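Since this is a predicted model, take the numbers as computed values, not measurements. Just so we're on the same page: letters track the sequence lines, and every chain starts at 1.
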Protein chains: 2
Amino acid sequence: MKKRILISDIAKALGISVTTVSFILNDKAKEKRISEALTKRVLDYVKKVGYKPNELAKSLRTGKTKILGLIIEDISNPFFGNIARLIESKVYEQGYRIIYCSTNNDVEKAKELIQMFYDRQVDGFIITPSDGLEDTVKQLQQNNIPVVLFDRYFPGLETDYVGADNFQGAFDASNHLCQQGYRRIGFVSLYSDQTQMKERSDGYMKAMDNNKQQSFIQKIQMDASDEEAMELLREFICENRLDAVLFSTNYLAISGLKASKKFNFTMPAVIAFDDHTVFKLVEPAITVVSQPIKDIAENLINILLLRLQGKIKATRRMVLPCELKVRESTKVKVTS
Amino acid sequence: MKKRILISDIAKALGISVTTVSFILNDKAKEKRISEALTKRVLDYVKKVGYKPNELAKSLRTGKTKILGLIIEDISNPFFGNIARLIESKVYEQGYRIIYCSTNNDVEKAKELIQMFYDRQVDGFIITPSDGLEDTVKQLQQNNIPVVLFDRYFPGLETDYVGADNFQGAFDASNHLCQQGYRRIGFVSLYSDQTQMKERSDGYMKAMDNNKQQSFIQKIQMDASDEEAMELLREFICENRLDAVLFSTNYLAISGLKASKKFNFTMPAVIAFDDHTVFKLVEPAITVVSQPIKDIAENLINILLLRLQGKIKATRRMVLPCELKVRESTKVKVTS
DNA sequence: AAATTGCGCTAAAAGGTTTTATTTACTAAT
DNA sequence: ATTAGTAAATAAAACCTTTTAGCGCAATTT
C-alpha cells in the first residue's frame, strides 16, 4: 500500500512552489506566465511519477464535483436502461461521472434521493420527474443547480426538457390503426398526471375524433400488481370486443401479452409505446412507437453541459419526433 | 440561493466549540463524555436549522467516501439491470451510494473505469470482471480496497466472489433435455475464458457424457454483431439438425430466436441461461436456468459491507443454486 | 500536602487542493 | 537616479470537516 503522491511532493521534488504546479496542471501556465521551460519540466515529472490530484480536495476547494445525478424511473426497464447507458458514456468523455438511482415513481423516494445527491454536491441533474416533484425541482433551480427533465415535465415550471413528441406518436399510431381498417380501438394508460401520458392520450383521442371513431380508454393504477393489470386488461379487451389496442407504455403492453397468454384470448392488433426486445420476437411481431433514444440522450447532456458552463440562459424544451415501426401485429388489413 | 450552514455556525450560535458539535454529531458524545444536556441542546438545534455536514469535507478528512463502485458488463441487460437495482436499494439503506459504469466486456474501458473510481476514492468495488482484468483487481487488493467479484472470478486469485452454480445449472438443464427424449442437443457459448462460461460448458458436457450423447458446441465472438451471430446460429442448428439447444446466455438465446424468425426455420427445444421477459411471452415459452438474483445481490453487498467494516479476513466464495424453470419449450416429449 | 484521576470541553492540526494577493528581480522609461 | 512596468514565481488563505492532544478544575488517592 504505497502512499499517494501529493502536489506538495512534486513541488518539493522540483524545488518550486505548490502554486506553480497547480497552475500548470490546470492549464493556466500561459495565463499566469509560467515559463515554458518550467512548464515542461513539471509536466514531464508529473507524467513520470503518475501523479493524480485528489479529486475530493479539488471538489472541496472548487465546489464542483464533476458528478451528475441521474434520477430515473426504473433502471431495469430497457427504455431507461438504454438512455442511462448512452448518457453515461457521453458524459464520461467530457470528464463527468454519473451517479444514478431509480425512483420507481415514488415521490418520497425521489425527494430523498435528490436531497442526498444535492448534499453530495452533484453539479447537475437529469430527472424523470414523478408526480408531485415540482417543488423539489423548483428548489434546485432556485439554488442554481442545473436540472434537465426528460420524458415528462411540469407545465407550470420553466425548465429545460427533452422528450419525444408523444402527441404525434400516439396520433400517428392511432391513425395507422384506423387506416388498417380497425374499428374498435382501445387505449391503455396509467392513472397519472404525467405529461407524457396526457399527450399520448390526447394524440389517441384526436385521431379517434378525426376518424369518427368511438374511444375506449382503460387506465391502470401505477402501483397495480402484474396480476391486477392482467385482469383489468382481459376485461377491457374482451368485454369491449376490441379489434386493436394502443398501449401507452411498453410494460403495459407486456402485461397485455401476458394476459392473453394466461387467459387464453387472442390479442387484437397491438401497438406499444417504446420498443422492447419482446415485441420483435413475439408472434405476430408488434408495431411500436419508437422514441429516438440516442437523440434524447445526446440532447439531454448537451443541454446540461451548456448549462454547467453557463453558456445558455433561456430554458430549452426539445421535442423530438417518434417513429412508427410497423410490424406484423398491424399489417393484416381488416375489411369491415 | 441561501448560504449553506456550517458546523462552525452551529458552534458559534450555541457558544461552544466546533469539536464538541462534531463529536455529538458523530455519536461520540458518550465516549467523549459530553454532558447529556449539551448533547440534547446541540441535537435539537441541528435539527431545527436542518444542518447537513459537507460530505466532501468529511470524506477528505476521513478518507471514506461512502460510495461504492459498481462495474458491470451492461446495464441495459435486464439480468445486470436487476442486480444493479437490488444492490442500489440495499446499500442505500446502509448509507452508501453507488456509482456505476458498464464495461461492455471491454478490458481497457474496465481498467480505465476502475482507475477513475479509485482516484475518486470509492470505498469498495463490486465487479463483473472481463477477461484480462486480473492484474487490476490484484492491485486493488494490494491497495487494501475491498473488492467483491460476481458472475465470474479468477481461479488464480483469492477474491471474494458471489455467483450462481453454473455447472449444476447447465448440468440440470442438459439432463432435463435428455430426459425429455432429445438426442441432438447443442450448446451455444462465447469465445471467452470467463469462468461462468467454462462452468456452463462443463455442466453441459458432463450431462452429455452421462447420457452417452454426442456434443455439439458452437461458440460466438463476444464482439460479433447480431447479424453474424444469427447467421452462425442458423447454420449450427440447421446443418446439425439439432432437436434441442442450450444457450449459455439470454442474449444468445434471443439472437437464436431472432434467427429462427428471420430465416424462417423452426426452433428446436430451447433452454436459456438467465431469464428474460421475452422467454415468458414467446410461443412456446422458453425454459430457463434462472439465477437467484436477489440472493446474489444480497450476498454481494453483505460481504462487501463486512469487508468495509473489517469484520472478515478470509476470502469468501459463495456459490448459489440455480433454478430450472420448465416452460413449454421443453415440455413436449420427443419419442425417438 | 502532593500527586493522580476524571470530567467536560476545546484549540489547533490535518486532510489536499485552488486561488488571491504579494514578492522578487529585472528592464524600460522619465 | 528614480519611477513604472512586467515577468515569473510564491506564501498564505480558503474550502469544511474530523481528530489529536491537552487544559483547567475538582475530587480522590498516596
| task | Determine: side-chain N/O of Ser22(B) to OP1/OP2 of dT17(D), distance under 4.0 Å, yes or no. | result | no
**Prompt:** Hey, is Lys48(B) close enough to Asp44(B) for a salt bridge, meaning N to O under 4.0 Å?
**Reply:** no
Numerically ordered, the residues 39-60 of chain A set in heavy-atom contact under 4.0 Å with DNA chain C is Tyr51(A), Pro53(A), Asn54(A), Ala57(A), Lys58(A)
Side-chain contact check for Leu6(A): nearest option of dT19(C), dT17(C), dT10(C) is dT17(C)
**Prompt:** Is there a donor on the side chain of Thr19(B) or the base of dA11(C) sitting less than 3.5 Å from an acceptor on the other?
**Reply:** yes
NZ/NE/NH1/NH2 to OD/OE distance under 4.0 Å, Asp160(A) and Arg317(A): no
Q: Using a strict cut-off of less than 4.0 Å between a Lys/Arg side-chain nitrogen and an Asp/Glu carboxylate oxygen, indicate whether Lys66(A) and Asp123(A) qualify as a salt bridge.
A: no
Inset, instruction - Could you tell me whether the phosphate oxygens of dT10(C), OP1 or OP2, come under 4.0 Å of any side-chain nitrogen or oxygen in Ser17(B)? - result: yes
When rounded to whole Å, the CG to C1' distance for the pair Asn26(B) and dT20(D) reads 15 Å
Separation of dC16(D) atom P from Asp119(A) atom CG, nearest Å, is 14 Å
Query raised in the report: Hey, does the side chain of Asn299(A) reach the backbone of Asp295(A) with a donor-acceptor pair shorter than 3.5 angstrom?
Result: yes
note: Gln121(A), atom CD; dC15(D), atom C1'; distance rounded to Å ~ 10 Å
For this session: Please determine, by modelled atom types, if Glu112(A) and Tyr92(B) share a side-chain donor-acceptor pair under 3.5 angstrom.
Result: yes
Ile34(B) atom CD1 is separated from dT10(C) atom P, nearest whole Å, by 8 Å
Ile24(B) atom CD1 is separated from dG8(C) atom C1', nearest whole Å, by 11 Å
Assign each of Ile7(A) and Phe23(A) the nucleotide of DNA chain C bearing its closest heavy atom; nearer the 5' end lies the nucleotide of Ile7(A)
Original post:
OP1, OP2 of dT17(D) versus side-chain N and O of Thr62(B): anything below 4.0 Å?
Top reply: no
Phosphate contact (dA7(D) OP1 or OP2) by Arg33(A) side-chain N/O below 4.0 Å: yes
Rounded to whole Å, the CD1-C1' distance (Ile10(A) to dT18(C)) equals 15 Å
* Asked: Looking just at side-chain N and O atoms, do Tyr100(B) and Glu88(A) make a donor-acceptor pair shorter than 3.5 Å?
  -> yes
Review point. Taking atom types as modelled and ignoring hydrogens, do the side chains of Asp119(A) and Gln115(A) form a donor-acceptor contact shorter than 3.5 angstrom?
Key: yes
Rounded to whole Å, CG of Asp9(B) lies from P of dC15(D) at a distance of 11 Å
When you measure only distances, ignoring hydrogens and angles, does the side chain of Arg61(B) come within 3.5 Å of the base of dT17(D) through a donor and an acceptor?
no
Pair Glu73(A) + Arg152(A), salt bridge at N-O below 4.0 Å: yes
Using OP1 and OP2 only, check whether a side-chain N or O of Lys64(B) sits under 4.0 Å from dT18(D). no
If only side-chain N and O atoms of Lys32(A) are considered, is one of them under 4.0 Å from the OP1 or OP2 phosphate oxygen of dT10(D)? no
Ile5(A) CD1 to dG16(C) P, in whole Å, measures 12 Å
- prompt: Below 4.0 angstrom from OP1 or OP2 of dT10(D), is there any side-chain N or O of Thr20(A)?
  reply: yes
